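Written below as structure tokens is the structure these notes are about.
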Amino acid sequence: MSYDEMFTVLGAGVMRGKGAAASVWRGQGSNITRQILKCTRWQLEETTDFITCPYHYFCDSSYPGDYSTAVGVVVAVFAAYCLLSAAAFTVAEIGGGATAAGGVGRIRRKYLVPSGPFLLPLVLLVLAKGQRIDAVFPLARFGPALLLTLQASALAFRNEADGDVRYAVLEASTVSGILHASLYLDAIVLPYYTGTDALRWSRFSGECPTCLCRMEPLVVGGRTVLYRGLSKTALAIIFALCSRMVCRIYGEERLSVWTRSALEMASWVFVSGDAIYLAGWALAEGAAAVFAVYALVGALVFLCVFGKVYRFLAWAENRQVQWKPSLSCHNVV
């Protein structure tokens, strides 16, 4: 979404009493709007107008500028590949072709999915530099979709390695990657959410280009969007991956297996909730492209959950078939 479109979306949400404020910041031009949406440090100033301007803020940080459109195109292609690769391997496993898809096999698959040791550093690089990526695929709006794809991939595809030590290193790197990705994403979206809240519920005072008058304190991350990168979802996934590591190294006892299963189930619930929330937020904002992206991510999450349920039912059916012969022999005896 361009900044001109942002004017329309934000202006639609401004109350009637603040219509003058909306017209003021429209007149400031996209450079001021960009600076506010990218601001990482807001300074509160003392004010003598406690009635109409009890809280007076200005942006105390500078923005170096956006990367070129070519960078945005590359990031968009990379994000599309991450989504498609995760979906393709999920469909292959549902169809019973996990080993065929992995003639690339399970060991090879880890190099092709977003949570693997090859693509995970690229995801971290994109998110680390994401605040300046605004063309084609602005990460302030689409970044959560990339993180959700990474989280779904980490839950759906287990790391495979020949030895326990190599497996532990891979799993620990995945845990570290998800933690860093969550922090990098917060560094992108929190200034954006804060700036959106500032533009929506403030008016320009005219003291400086970014000076704003507010009737209530400005909160980090704003009050409009509740999504955060480092949240209960990220923590649940980290605990689930650590439980996998424990089960692999120390053996799958009943208690550890149940703990791992419960953590993975909770993680899928949280990831699904985030995807639904973000899609609903995009729909409420009237951003069709953003809604389409989160709808696709939601479809990927649903596909992964369906694959897990499908494989569990197949496993339960096989166990039932294995028990029937022994049960019938016992009855004959």
Side-chain angles (χ1 to χ4, degrees), residues 1 3 5-26 28 32-47 49-61 63 130-131 134 138-145 147-148 182-205 210-235 270-287 290-291 293-294:
M1 176 179 288
Y3 286 102
E5 292 172 329
M6 180 67 65
F7 295 151
T8 304
V9 172
L10 291 175
V14 178
M15 297 183 300
R16 289 180 180 272
K18 296 180 180 179
S23 63
V24 170
W25 58 260
R26 277 197 192 95
Q28 294 290 328
I32 301 302
T33 306
R34 181 181 289 106
Q35 185 176 353
I36 291 176
L37 292 175
K38 298 293 185 178
C39 185
T40 58
R41 185 171 60 251
W42 287 93
Q43 184 69 38
L44 176 63
E45 284 189 319
E46 294 183 359
T47 177
D49 186 358
F50 298 104
I51 298 177
T52 62
C53 188
Y55 299 96
H56 188 261
Y57 292 92
F58 72 94
C59 179
D60 194 28
S61 65
Y63 180 60
Q131 193 181 26
D134 265 333
L139 288 184
R141 298 181 69 80
F142 296 115
L147 180 62
L148 288 175
S182 302
L183 294 173
Y184 289 149
L185 181 65
D186 279 341
I188 299 171
V189 299
L190 290 184
Y192 177 78
Y193 296 157
T194 306
T196 301
D197 193 68
L199 289 174
R200 192 188 296 268
W201 308 111
S202 306
R203 64 178 178 84
F204 283 92
S205 66
T210 60
C211 288
L212 301 174
C213 281
R214 292 179 58 84
M215 300 304 294
E216 58 185 15
L218 186 62
V219 179
V220 176
R223 294 186 173 92
T224 305
V225 184
L226 302 179
Y227 176 81
R228 301 292 183 265
L230 186 60
S231 62
K232 60 182 181 295
T233 303
L235 295 179
F270 291 148
V271 171
S272 302
D274 286 345
I276 294 172
Y277 173 80
L278 289 168
W281 165 71
L283 186 62
E285 291 287 329
V290 181
F291 172 76
V293 169
Y294 287 115

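All of these numbers come straight from a predicted model, not from anything done at the bench.
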Electrostatic pair Arg141-Glu285, nearest N-O below 4.0 angstrom: no
Verify side chain to side chain contact (heavy atoms under 4.5 Å, CB included) between Val219 and Asp197, making sure each step is shown before the conclusion. CA-CA 9 Å; Val219 179; Asp197 193 68; 5.9 Å; no
Please list, chain by chain and in numerical order, all residues satisfying side chain to side chain donor-acceptor pair (under 3.5 Å) with Thr210, sequence neighbours excluded. none
Looking at every heavy atom in both Ala282 and Tyr294, which two are closest together, and how far apart are they? CB-CD1, 4.5 Å
Where is the tightest heavy-atom contact between Pro191 and Asp186, given as atom of each residue plus distance? CD-O, 3.7 Å
For Leu230, is there any backbone N or O sitting under 3.5 Å from a side-chain donor or acceptor partner on Arg228? no
Could you grab the distance from atom CD1 of Ile32 to atom CG of Leu199, nearest 0.5 Å is fine? 10.5 Å
Could you give me the CA-CA distance, side-chain angles and deciding distance for Leu278 and Leu148, then say whether side chain to side chain contact (heavy atoms under 4.5 Å, CB included) is met? CA-CA 10 Å; Leu278 289 168; Leu148 288 175; 3.8 Å; yes
Working to the nearest 0.5 angstrom, can you tell me the gap between Ile188 CD1 and Asp134 CG? 10.0 Å
How many angstroms lie between OG1 in Thr194 and CZ in Arg223, if you round to the nearest 0.5 Å? 11.0 Å
Worked verdict on Tyr227 versus Asp274 for side chain to side chain contact (heavy atoms under 4.5 Å, CB included): CA-CA 7 Å; Tyr227 176 81; Asp274 286 345; 3.8 Å; yes
Minimal non-hydrogen separation, Tyr55 against Thr47, with atom names: N-CG2, 4.5 Å
Shortest non-hydrogen contact from Leu218 to Ala198? CD1-CB, 4.0 Å
Roughly how far, to the nearest 0.5 Å, is the OH atom of Tyr193 from the CG atom of Leu226? 10.0 Å
Can you find a pair of side-chain heavy atoms, one from Cys53 and one from Arg203, that are under 4.5 Å apart? yes
Not counting sequence neighbours, which residues clear side chain to side chain donor-acceptor pair (under 3.5 Å) with Ser205? List them please. His56
Work out which heavy atom in Arg34 is nearest to a heavy atom in Tyr63; give both atom names and the distance. CD-CE2, 3.7 Å
Rounded distance (nearest 0.5 Å) linking atom OH of Tyr57 with atom CD of Glu45: 11.5 Å
Going through the checks in order, is the side chain to side chain contact (heavy atoms under 4.5 Å, CB included) test met by Asp60 and Trp42? CA-CA 6 Å; Asp60 194 28; Trp42 287 93; over 6 Å; no
Heavy atoms only: give me the nearest Ile36-Phe204 pair and the separation to one decimal. CD1-CZ, 3.7 Å
